[in-house]
Amino acid sequence: MVEIRLHNTKTRTKEAFVPIDPTNVRMYVCGPTVYDRAHLGNARPVVVFDTLFRLLRHVYGEGHVTYVRNFTDVDDKINARAAEMKAAGDPRELETIIRALTDETIAWYHADMDALGALRPTLEPRATEFIGQMIGMIEGLITSGHAYAKDGHVLFRVRSYRDYGALSGRSVDDMIAGARVEVAPFKEDPMDFVLWKPSSDDLPGWDSPWGRGRPGWHIECSAMSHELLGESFDIHGGGIDLQFPHHENEIAQSACAHPHGDFARYWMHNEMLQVEGRKMSKSLGNFFTVRDLLDQGVPGEVIRFVMLSTHYSKPMDWTEKKRQEAEATLRKWRGLIAGAEAVGEPAAEVVEALSDDLNTAGALAVLHRLAASGDGAGLRASACLMGLLGADQGGWAEAPTVDLSGFAERLKNARQAAMKTKDFSEVDRLKAGLVAAGVEVRIGRDAVDLVAGAQFDAAKLEALT
């Protein structure tokens, strides 16, 4: 069996991946808080861990991998967005607005991530479906002395867990000195974090031993992963921005609630995304959602290719140049695989690269070599392992049917005349106009072939008439 090696954030080393149960490899990835469209940075962990999911299924079998990615559908940001909608005139009750908002946002998320070629995870739990499990975990933490209730709140005693900070490599005192922590009268220690908080009558809430309230963000993932994957599972993933405090808090409360389990054995974090070398920000005018790009005509497959071009552990820079290069490459590859079936095994070199801590850039280099050798079948089978060149993804690359014979004849005649006069200005004018209209121009010794590309624009040919 292929050996997969992954960089474990927990140990800060690249380790051989040895699953707890090879017949049920288990992975949990933190999903979105559903109140708005997913921006491009949100898509990076989706592509990264979808690629890992595909690799695990290839190595261990499709039926032997359980991938859980949650939806956070109870959160102050969701409440705030729903309140804005109500203030703007929505006549429905706030909880009805919240349910409609989260349902709609989940549908958007699915559509956008489907467009990137991401497989749906095995399970996609909503936090609101596991409130009972969260309350039960919190009760256990109080009983064991790791949490306490005060003024309708329940908080986790950070200093009760001696290994707190091991994931991020910082001590509690260092974190207090360098972080903005909420100082509240109901806290014993500034670093203690909320497991449960009270809800007013107009906000979503559930009955609990501490009064009507709602869970804190961190307890949600711990409860869902335990319920669906058990006390010990293989991989926990997410963006590097979640390492602290979210993942640090998950580890603390899960380890204290289930001291006989390992929680997650391997931790993986993808780095952040930039746009044209700068942090994505609304104030800089370089902030956009996945849907923005799709609506602008950027194919989801192209977005995925650009993301796979950079190793997940490195900051990724989205640039217009990379987009153009990715689109040109994929268009060329799709022409090569036309009629090729994705049968057999992907190239061993591709599997080897992906097994080396998801070396997607190395795997793409192998795809380039397969394309250069003309191996369409091998290219397609290998690319499909990476979520590329799927049969349902290529509509964007299909050229429209259009009669360009008249322009081909004009260009042929202009070229013949230029060969005699040595004046190629008309040939150059026709070629430039055709290329600008999205036409590929192929000139042979005795013939001219014109092929309309996927971005063909007939209106731009009017300048040549």
Side-chain angles (χ1 to χ4, degrees), residues 28 30 33 70 72-79 127-227 230-232 236 242-264:
Y28 186 93
C30 294
T33 300
N70 72 292
T72 295
D73 60 344
V74 51
D75 185 87
D76 290 344
K77 292 179 181 178
I78 298 172
N79 297 342
T128 52
E129 298 168 346
F130 292 81
I131 300 296
Q133 289 86 343
M134 296 174 202
I135 291 174
M137 183 176 284
I138 294 169
E139 287 182 308
L141 288 169
I142 292 175
T143 299
S144 62
H146 292 290
Y148 57 95
K150 188 173 182 182
D151 299 338
H153 295 77
V154 181
L155 294 105
F156 183 85
R157 284 190 175 96
V158 166
R159 293 186 188 273
S160 73
Y161 179 58
R162 66 179 183 180
D163 292 329
Y164 190 85
L167 184 69
S168 53
R170 292 177 287 182
S171 70
V172 175
D173 291 331
D174 287 342
M175 284 185 266
I176 291 176
R180 289 177 293 177
V181 294
E182 180 188 7
V183 178
F186 49 79
K187 283 189 174 186
E188 294 179 354
D189 187 294
M191 282 299 293
D192 292 350
F193 59 87
V194 172
L195 301 174
W196 189 263
K197 54 188 171 183
S199 286
S200 58
D201 292 340
D202 60 328
L203 292 175
W206 291 263
D207 291 333
S208 79
W210 320 286
R212 185 176 180 277
R214 59 192 190 277
W217 175 34
H218 312 301
I219 196 68
E220 296 177 14
C221 287
S222 285
M224 286 184 281
S225 62
H226 176 262
E227 182 70 16
E231 291 187 359
S232 304
H236 196 313
L242 300 182
Q243 184 185 49
F244 178 82
H246 185 52
H247 289 163
E248 201 76 76
N249 292 351
E250 273 192 75
I251 291 173
Q253 63 201 8
S254 294
C256 292
H258 309 291
H260 301 297
D262 296 324
F263 192 38

*How long is the gap from CD1 on I251 to CG on D262, to the nearest 0.5 Å?*
11.5 Å

*Looking at residues at least two apart in the chain, or sitting in another chain, which of them share a ring-ring contact (aromatic ring centres under 6.0 Å, His included) with F193?*
F156, H218

_Suppose we screen for side chain to side chain donor-acceptor pair (under 3.5 Å). Which residues come up paired with S254, at least two apart in sequence or across chains?_
S222

*Which heavy atom of C30 sits nearest a heavy atom of C221, and at what distance?*
SG-SG, 3.9 Å

_Close side-chain approach of N249 and Y164, heavy atoms under 4.5 Å_ = yes

*Provide the closest heavy-atom pair for W206 versus W196 in the form atom of the first, atom of the second, distance.*
O-CZ2, 3.5 Å

*Determine the interplanar angle of the H153 and F186 rings, folded into 0 to 90°, and report it as parallel if under 30°, tilted if 30 to 60°, perpendicular if over 60°.*
parallel

_Exam field: side chain T72 to backbone T33, donor-acceptor pair closer than 3.5 Å_ = no

_Non-hydrogen side-chain atoms of N79 and R214 separated by less than 4.5 Å_ = yes

*When rounded to the nearest 0.5 angstrom, what distance separates CD1 in I219 from CE in M137?*
5.5 Å

*asked:* Quick check: closest heavy atoms across A127 and M134, and the distance to 0.1 Å?
replied: O-CE, 3.2 Å

*Indicate the atoms forming the closest heavy-atom contact of E248 with S168, along with that distance.*
OE1-OG, 2.5 Å

*Can you find a heavy atom in the side chain of V74 that is under 4.5 Å from one in the side chain of E220?*
yes

_Any heavy-atom pair between the side chains of M224 and E129 that's under 4.5 Å?_
no

*So, do D189 and V158 sit near enough that their side-chain heavy atoms are less than 4.5 Å apart?*
no

_Side chains of F263 and S225, heavy atoms from C-beta outward: is any pair under 4.5 Å?_
yes

*Mind checking side-chain contact (heavy atoms from CB on, under 4.5 Å) for S144 and listing every partner two or more places apart, or none if nothing turns up?*
H146

_Side-chain heavy-atom pair L195, W210 within 4.5 angstrom cut-off_ = no

*Contacts of E188 that satisfy side-chain contact (heavy atoms from CB on, under 4.5 Å) - sequence neighbours left out*: Y148, R157, D192

_Residue list, salt bridge (Lys or Arg N to Asp or Glu O under 4.0 Å) with E231, at least two apart or on another chain_ = none

_Summary of salt bridge (charged side-chain N to carboxylate O under 4.0 Å, His left out) pairs that have at least one residue in residues 196-208, sequence neighbours excluded_ = D76-K197

